[in-house]
Amino acid sequence: MSNPGACVPDLLSDPQDHLTLGHVPTLEQLAETVAFAPQDGSIWLCGQRVMLMHSLALGALRRELTETIGLDKTRGLFTRLGWMAGARDAQLVSERWPEGDHAALFSAGPRLHSLQGLVKNEVVRFEFDNANQHFYAEFLWHNSIEDDSHIAAHGIGSESACWMQIGYASGYASTLLGRLIVYREVECRSTGHSQCRIIGKPAQQWPDVQGDLDHFNAEDFLNRSAYTGSDEPGDSEDARHMVGVSSAFTAACHMLRRVASTQATVLFTGESGVGKELFAHRLYTLGPRSKKPFIALNCATLPENLVESELFGVERGAFTGADRSRSGRFERADGGTLFLDEITTLSLASQGKLLRVLQEGEIERVGGSKLIPVDVRVVAATNLDLLEEVKAGRFREDLYYRLNVYPIHLPPLRERRDDIPLLMNHFLRRFCQRHGRTVSGFTSRLVNAFLAHPFAGNIRELQNLIERGVISAQDHELMDIHHLALGASNPLNEAIGLNAHGHLAMTPAPAVATVRPAKSEGEPPLRRLADFLRGEPVVLGSSLEELQRSLVDTAMQRSQGNYTVAAQMLGMTRAQLSYRVKGR
Ligand code: ZN
């Protein structure tokens, strides 16, 4: 059975193995995916939000659950908890390192597990041959946190206790390989052994595997580890673009599915760039009118005098230039759906006419006298607080109540950060395809910077940054922060991550500096100056002349060497600047 060709001996046992083996991702690369964003109250690991938890609290939770719902149910619960984490890690690792082969990606699971502080892994045997469906893994686990808490609460007993870890190992391997791999703990510290020994095999090779599967609830969880934001039947264009797993996004999708099958008016609210039109279109494709037209109008793009003729149509001779009659969007959407974006930009008069259509189901063309019946489902969207607009007298209260039947709030990206890595990958694929590029992925530094970025422009901003990166990066290169910089100004700040010694630190050497080492010399004195002005206890350590030179250098970088622009930034004449640059 052994397959030396596919075997990866001791790959996981030596934390320094990345020095000798080139397998990606190395422990160091995985550690780089840890980012702390205390200003935001988040910690990120491999692009997903995690938290630090006291082992004492974990022990108390296990004990309380065991006492209330019994050992078996508690075990199942923790096994599934571990499965979800393992399945998600496998998904993220294989997306982050698309170039990694199965065996190398597999080794990232135990490494992540160690990085997360659960256990130290030692490989006893690992055989893997995907072509022949062969899989056998045997590990020793040392220092398991679950054993520590279990033994502290219950002492040594007859039951193994590394439930979450068994779930994690099984979920990770199963998701990565796309078939069910079951791990069992054949020896455990909680049953008196000096360490835990675990064995992983394909499910069908275990006797009495049903007991394990009951703990995994495997089928259910296998399905849930699938990674698309929308679980709708059919793979329509907008379903593929609706990407996310965060609770905020999933809640909005859930509301969308609830209301789609009805005829109700839906109001989407949320900041610019959160994807309101995409949601509106998705509502339409899921609804009963999906075979009829979907007509969209952004009310803000039309001047006031054109809005009404655009919405309701116009009769010949209604005004100068109306040389023929034509239908409006309501008539064209008849039987289907009309999406009105930025609804608050309508004048009060247009709002009144819209309200009448919604109430009567009839329109009157501009300059016409005939009432035309229309059957339209109206979906509206706004990035303002509509109730505030009502209070300020800018929006009709009766129309507000007419539209606000079923409001769906779309969260800004900063409230669904879990989705950022997914969206990054989604847009990377899309823009590589569109521009004929093969950018191979992202550096961890870039992912961490995205996770900490405020994203005032929401998904649109993220999308633009990725497109810019796809254009700037070389083929087969990883996209990094400097690919997104225009000139010397960088749209992203770096996050706090783990350095090589496992301590928190800003990732050193901003990428811009590595690209233009000569020009970036001016940065540190100015950064110190900024800290100094903010009142931080720093020593300036630069002469005024040096600071002046740094300012000049920075302005020259930002203007990309354009003297006129740089001089404007500094408030001096072009000649003065030229003198300072050349005269040194
Ligand atoms: Zn154990």
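Each ligand, and each atom within it, is numbered from 1 in the order the structure gives. The first residue of the sequence shown is numbered 1, and numbering continues consecutively from there.
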Is there an N/O/S atom in H193 that lies less than 2.8 Å from the Zn ion (ligand 1)? no
Answer yes or no for E185: is there an N/O/S atom below the 2.8 Å cut-off from the Zn ion (ligand 1)? yes
Tell me whether the rings of F126 and F106 are parallel (<30°), tilted (30 to 60°) or perpendicular (>60°). parallel
Specify whether an N/O/S atom of D147 falls short of 2.8 Å from the Zn ion (ligand 1). yes
Centroid-to-centroid, F268 to Y406, below 6.0 Å? no
Near the Zn ion (ligand 1), is there an N/O/S atom from C196 that is less than 2.8 Å away? yes
Is a side-chain donor or acceptor of T33 paired with a backbone partner of L30 at a separation under 3.5 angstrom? yes
Between H150 and W163 (judged by ring centroids, cut-off 6.0 Å), do the two rings come close enough to count as a pair? yes
